[in-house]
Amino acid sequence: VSDAPRGAAPCQTVPVSAWSVTGRTVLVTGGNSGIGAATAAALAAHGAHVVIAVRDRARGEAAAAGIGTRGGHPVAVLDLDLASFASIHAAAERFRSRHDDLAVLVCNAGVFLGSRRRTADGFEATFGINHLGHFLLGCLLFDHLAASAPARVVVVASAAHRHAVGGRRLTDPRAARTGRGYRAYARSKLANVLFARELHRRYHGRGITAYSLHPGVVATRIAQDGDSRLAGLFWRLGARWMRSPTEGARTAVYLATEPGIEPLGGGYFADAVPVRPGRTGRDDDTAARLWATSEELVGCRYPSPADLDTGHEVC
Ligand SMILES: NC(=O)c1ccc[n+]([C@@H]2O[C@H](COP(=O)([O-])OP(=O)(O)OC[C@H]3O[C@@H](n4cnc5c(N)ncnc54)[C@H](OP(=O)(O)O)[C@@H]3O)[C@@H](O)[C@H]2O)c1
């Protein structure tokens with residue numbers, strides 16, 4: 001793949017038939033609503049032990065009950081507010097104490113905010129929730145992913161990443177505290193694409209692969225909390241022409257379940273096929289700098305790939 005992250009070794013020994021989520025644990029953030037709920041339901045139907053991470057327990061339990069025991073296992077609910085580092089630490093701690101395995105982390109939760117809002121830790125909320133929160137969650141669960149290798153990280157990004165202006169500002173720690181609206185959303189989605197790209201580049205040789213995706217334009221609750229009137233109106237009035245959440249979940253489910261896709265890792269997908277991301281979304285230097293900045297901002301360092309021995313080499 002010509003757009004593969006730099007340093008991605010050609011894969012020669014891909015265990016094409018070895019990958020399955022049946023009987024394994026998957027964690028879906030924002031799994032109570034929209035694309036996340038549909039992804040959780042589909043993965044449960046594949047026989048995975050599904051854990052949905054939610055910021056509202058009542059909504060989470062209702063979603064888990066709605067999915068039921070489709071694949072034979074009840075869906076577990078984990079409290080997680082991605083707008084608070086303390087909540088992310090507590091959620092990771094609870095997950096680690098309850099589950100030995102983490103086959104797939106689906107970074108799906110996301111917001112589109114019209115007004116200027118901040119996370120509990122003072123970051124611009126769109127970037128803080130959509131990117132930094134997931135970056136920290138991945139860091140705190142990284143040992144679990146490594147111990148579970150082969151494992152995957154699937155990041156629900158968006159075609160909006162192509163509209164990120166000042167992509168290079170992404171790596172400026174001060175920029176993480178400013179912005180709003182579509183600009184902030186596009187920037188956070190570019191960070192999603194680069195996060196998956198760099199994570200894959202660093203760890204695919206240790207059996208942890210990563211993928212980002214655009215789900216399509218999907219009829220969900222995104223932007224409908226009244227905070228962004230124009231975007232909310234667009235999603236409300238346009239719902240009948242949009243994809244259903246089940247259709248919107250298709251690419252995330254494909255990336256979580258399909259055997260043999262590891263050589264395409266680090267890539268960005270739409271409709272379950274690799275698609276060339278925007279220019280900055282293919283920039284390995286920006287990806288590496290964003291990684292370093294994000295580690296600094298969230299106060300968590302991922303292990304050096306050289307120090308990691310998972311006993312699994314996917315590529
Ligand atoms: N819908 C589209 O057309 C579209 C297009 C491209 C990309 N996407 C992406 O798809 C992903 C899923 O969005 P969706 O369309 O399914 O919208 P949605 O129905 O609003 O789902 C978003 C999920 O994120 C959760 N969430 C929001 N803030 C959170 C926080 N601070 N901590 C933890 N969870 C939080 C929400 O929880 P609550 O239920 O508590 O609010 C909800 O479960 C997002 O990353 C979005 O950017 C969507």
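Hydrogens, waters and symmetry mates play no part in the numbers below; they use all other heavy atoms, side chains included. In this chain, residues are counted from 1 in sequence order. Just follow the structure's listing: the first ligand is 1, and inside any ligand the first atom is 1.
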Query raised in the report: Thinking salt bridges, do Arg55 and Asp79 make one under a 4.0 Å N-O criterion?
Result: no
Can I get a per-line list of side-chain donor-acceptor pairs under 3.5 Å for residues 29-45, giving both atom names and the distance, sequence neighbours left out?
unit_1 : atom_1 : unit_2 : atom_2 : d
Thr29  : OG1    : Val106 : O      : 3.4
Thr29  : OG1    : Asn108 : N      : 2.8
Thr29  : OG1    : Ala109 : N      : 2.9
Thr29  : OG1    : His134 : NE2    : 2.8
Ser33  : OG     : Arg221 : NH1    : 3.1
Thr39  : OG1    : Ile35  : O      : 2.7

Query raised in the report: For ligand 1, what is the set of protein residues having any non-hydrogen atom at a distance below 4.0 Å?
Result: Gly30, Asn32, Ser33, Gly34, Ile35, Arg55, Arg59, Leu80, Asp81, Leu82, Ala83, Asn108, Ala109, Gly110, Val111, Ile129, Val156, Ala157, Ser158, Tyr185, Lys189, His214, Pro215, Gly216, Val217, Val218, Thr220, Arg221, Ile222, Trp235
Query raised in the report: Are Glu262 and Arg152 close enough for a salt bridge, meaning some N to O gap below 4.0 Å?
Result: yes
Query - Flag side-chain contact, heavy atom, 4.5 Å: Val217 against Arg243 - result: no
Query raised in the report: With a 4.0 Å cut-off, would you call Glu93 and Arg96 a salt bridge?
Result: yes
Query raised in the report: Using 30° and 60° as the class limits, which term best fits the ring planes of Phe135 and His131: parallel, tilted or perpendicular?
Result: tilted
